[in-house]
Amino acid sequence: MKALRVYLAVIVVLSALVVAMLVSLAASSGGARRWIDDRYEVVERTGDRSTVYRSDKSASTAIRQITDRWTPAARHNDSEGWYLRYDDSIVAVTISGSSALIYVDDPATGYRRWFTHIGGRFGSYSGPAESFRGGGPGSGK
Amino acid sequence: MTGRRTALRLCRGATARCVTTLALLAAIGAVAAPGDAGATTPSIPPPLSAPRWSFASVADENELANELAEATGELDVCFGWTVTVGGSGAARSMSSTGSNFGPEQPMTRAACPNGSIELIVELIYTSESSEESDSGRWYVEVSPPLASQSGLAPTTLKNLVSQSTGMSTENLMGDNDDVALARMVLALPLLYREHLGRTTSVEVESATPETAEIDGTVDASPGSDSMRQTWPVIAVFAIGGAALGLALGWGGARLTLADSTMKGVR
């Protein structure tokens, strides 16, 4: 009987751990795209493919808020903006006066929009003089 | 930046090898690319306090310098970088300098009357036999008159570079050190522009060019955002659950054995 009680306790504890894990997963469901949609003011929406948001905070604050909450699979910046790669989107943050514009596109649209900035980094790039692949998702760039 | 092996990476390990390699690179650079160094502003003399080497390929450094030059054209402020690499026992350190004037072109007060912003990186590589580990530091220098006029403190700028790019000293000493350096340097004009409140995109950027005009495709999905976010929690739960299961299972087995023994005694 004692052994049965112990095994029951094991099952209960493991079940509790699984439930806690599922709750944790549910709390972070939706990804970066939905989180941004809930948080920032929409400026322009183009179907399901693209949405542009405005943050009343500075661009560097916006990029920090987003990356603190959602770790990107890959990231890049140049002298014009910050670019993040997520599961179902490419997010770009640019300066707009004292505030920021946040572009959230599906990967194909985002790659096209920001190709001159992220070409070869979040995907393939074949220029006239060279052909290379930069660091892709997961490379931590 | 193309992510190939760089001079910084060659420095990891034995100091003797590092110094030899860097000296070789400096010699090759001096012979191979004298035209590149003076192409933009031949009037500016390069500082020769330390042997030169390149943190990346000539093409990558040119690309970085060109992007800085565009920013300087817009913002009227100079931008640049200096990376110094030393090692325990090294007779001389090696340095790589560049700016909006070009690779190996430092910034001078005469050339930058409105001031300059520079990323300074100092890396120390120790020998394999040393007990000390490799180390490094980086900071931002804002020259007069920019420092007094803009109210932009170097420490604030450093924090903003770190937070907005996600880069740190570890990245500057890692496998993609050239990429890290380029991103940190390019963040300087970006953050200065933000500090001025100057707009980079007045209107919403259009999603052109069309697909046919770009020669490349985006990578496949890098995996779930949620999973990337919660995998540490899941790992803790999994390890904790497995450990607990094993412990309780072992306890249960002992109790069963004890029960059997007691029955046997009776």
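The sequence lines fix the lettering, A, B, ..., with proteins before strands; numbering per chain opens at 1.
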In Å and rounded to the nearest 0.5 Å, what is the CD to OG distance from B/E194 to A/S99? 10.0 Å
Give a yes or no on whether the backbone of B/S164 and the side-chain of A/S60 come within a donor-acceptor separation of less than 3.5 Å. no
So how far is it from B/Q163 CD to A/Q65 CD, rounded to the nearest 0.5 Å? 11.5 Å
Taking side chain as everything from C-beta outward and backbone as N, CA, C, O, which of these in A/I118 sits under 4.5 Å from a heavy atom of chain B? Side chain, backbone, both or neither. neither
What's the separation between atom CZ in B/R193 and atom CD1 in A/I95, rounded to the nearest 0.5 Å? 6.0 Å
At their closest point, which heavy atom of A/R75 faces which heavy atom of B/G166, and how far apart are they? NH2-N, 3.6 Å
What I'd like to find out is whether the side chain of B/D225 reaches to under 4.5 Å of the side chain of A/D88, using heavy atoms alone. yes
For the residue pair B/L191 and A/W82, what are the closest heavy atoms and their distance? CD2-CZ2, 3.9 Å
Hey, could you give me the OG/CG distance between A/S98 and B/L196, rounded to the nearest 0.5 Å? 12.0 Å
To the nearest 0.5 Å, how far apart are OG1 in B/T165 and CD1 in A/I63? 10.0 Å
Just wondering, more than 12 heavy atoms not from A/D38 lying within 6.0 Å of its CG? yes
Straight-line distance of B/L188 CG to A/S79 OG, nearest 0.5 Å: 10.5 Å
Can you confirm whether A/K57 is buried at NZ, in the sense that more than 12 heavy atoms of other residues, nucleotides or ligands lie under 6.0 Å from that atom? no
Salt bridge (charged side-chain N to carboxylate O under 4.0 Å, His left out) partners for A/D37, two or more places apart: A/R45
Checking side-chain polar atoms at under 3.5 Å, does B/S221 have a donor or acceptor matched by the opposite partner on A/D87? yes
Would you call A/R85 and B/P222 a side-chain contact if the rule is heavy atoms closer than 4.5 Å? yes
